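Report on one structure; see the data block that follows.
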There are 2 protein chains.
Amino acid sequence: MGHPRWLSEEESRAWHAFLAAGALLNRRLDQQLKDEVGLSHLQYEILVRLSAEPRHEMRMTELADSLFNTKSGLTYQITQLEKAGLVQRRACTWDVRGVKAVLTDAGQEMLKRAAPGHVATVRELLIDVLTPEQLIAVADGLGEASRRMCDGNASGPR
Amino acid sequence: MGHPRWLSEEESRAWHAFLAAGALLNRRLDQQLKDEVGLSHLQYEILVRLSAEPRHEMRMTELADSLFNTKSGLTYQITQLEKAGLVQRRACTWDVRGVKAVLTDAGQEMLKRAAPGHVATVRELLIDVLTPEQLIAVADGLGEASRRMCDGNASGPR
DNA sequence: CGGCCCTCGTTCAAATTTGAATCGAGTTTC
DNA sequence: GAAACTCGATTCAAATTTGAACGAGGGCCG
């Protein structure tokens, strides 16, 4: 660690592109969803996660983890979604402490309404911009990076 | 627009990887900077932008744009950085309305102290994880995507 | 059982972000 | 020359995020 290895021209280009694309994309997606159906991107993702589940329900902590969000942040958002009638809280049967978030019919409806526009935007702004090779490189490279970050190595090996 | 083209297996993989990597990386970088020098990632980036400028100064709006942030958000952060003595506001000479943010000596000092750890983390978590081909694909692909999003096409051609 | 530690979800205050409204100063238009 | 507009930056209230602390339960060892 004594010698900071700076980023090369190419590395810097990649890093900046990654940062910029992330920031811009998040902004656009938020905007698109807000305009079209009145959801934030985070809220949309919550609905997606629930919908992907067999019984359309998930434990709070599990959901928070899958979204890379804090538990308290999720508590807040679920409360919002509950007020909007898109999600319901339900006690967990086997674990008295547990709470499950369940997608309501209105929630599914909303998702069905929101998804096409969202996917179209993701396509237009990112997916369809990439060449097939770039797409695979992104899937493999960023996939590997996020996999490593998930495996609780809070500070990494050294 | 009538037929929503869903994402293929590969496309979905790329999109999820992109989302996950962005979220995780942001979290890690924020944490690392906070722990090591007490700055948020955004604040660090502000210092970097200023430092890259010939006279270590930039107009508020220009700075906000370069960070893909709102003007009011930047106003807040510059105020924080000013309290910390890392940045100073200065009236713009030629445009009476303008305000320039200027990096102070303490700001440069801070940057010098923060950069090595930050770069090391970026390397460890992303750059060094990618193969050379993936690196170039990310730089090119995401670079192109962010370029398109910048060119004020608020909704894209259709 | 009883103590001890861990987990689940929430609550709370503080920090940050957002977007609309505002203020002051240029610029344009007629 | 003045109303009308634009631009740069700030202000403000409301929404959201963060992280520490809390309340209730599990689970395990003695």
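Computed from a prediction, not measured in an experiment: that's the story for all the values here. Just so we're on the same page: letters track the sequence lines, and every chain starts at 1.
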For L39(B) and dA15(C), what is the distance between atoms CG and P respectively, to the nearest whole Å? 16 Å
Pairing residues for N26(B) by the side-chain contact (heavy atoms from CB on, under 4.5 Å) criterion, not counting sequence neighbours: H41(B)
If you measure only the distance, is there a donor-acceptor pair under 3.5 Å linking the side chains of E133(A) and T131(A)? yes
Within residues 80-93 of chain B, those residues having any heavy atom closer than 4.0 Å to DNA chain C are Q80(B)
So salt bridge (charged side-chain N to carboxylate O under 4.0 Å, His left out) across residues 31-47 of chain B, not counting sequence neighbours, yields E45(B)-R49(B)
In residues 55-67 of chain B, which residues come under 4.0 Å of DNA chain D by heavy atom? R59(B), M60(B), T61(B)
Go nucleotide by nucleotide along DNA chain D from the 5' end; which of G98(B) and W94(A) gets its closest nucleotide reached first? G98(B)
Could you list who else is in I78(B)'s hydrophobic cluster, with ILVMFWY side chains joined at under 4.5 Å, directly or through other members? L33(B), V37(B), L39(B), L42(B), Y44(B), I46(B), L47(B), V48(B), L50(B), M58(B), M60(B), L63(B), L67(B), L74(B), L81(B), L86(B), V87(B), V99(B), L103(B), M110(B), L111(B)
Atom-pair distance (NE2 on H41(A); C1' on dT16(D)), nearest Å: 16 Å
A17(B): side-chain contact (heavy atoms from CB on, under 4.5 Å) partners, not counting sequence neighbours: L142(A)
Not counting sequence neighbours, which residues clear side-chain hydrogen bond (donor to acceptor under 3.5 Å, both in side chains) with D65(A)? List them please. none
Treating primed atoms plus P, OP1 and OP2 as sugar-phosphate and everything else as base, which nucleotides of nucleotides 17-26 of chain C get B, S or - for protein heavy atoms under 4.0 Å? BBB----BBS
Which residue pairs pass the ring pair (Phe, Tyr, Trp, His ring centres under 6.0 Å) test when at least one of the two sits in residues 75-96 of chain B, sequence neighbours left out? none
Which pairs, with at least one residue in residues 89-101 of chain A and sequence neighbours excluded, count as a salt bridge (charged side-chain N to carboxylate O under 4.0 Å, His left out)? E57(A)-K100(A), R59(A)-D95(A), E82(A)-R89(A), D95(A)-R97(A)
Apart from V102(B) itself, members of its ILVMFWY cluster (side-chain separation under 4.5 Å) are none
Integer-rounded Å distance: dT16(D) P and I46(A) CD1: 11 Å
Can you name the side-chain contact (heavy atoms from CB on, under 4.5 Å) partners of A23(B), sequence neighbours left out? F68(A)
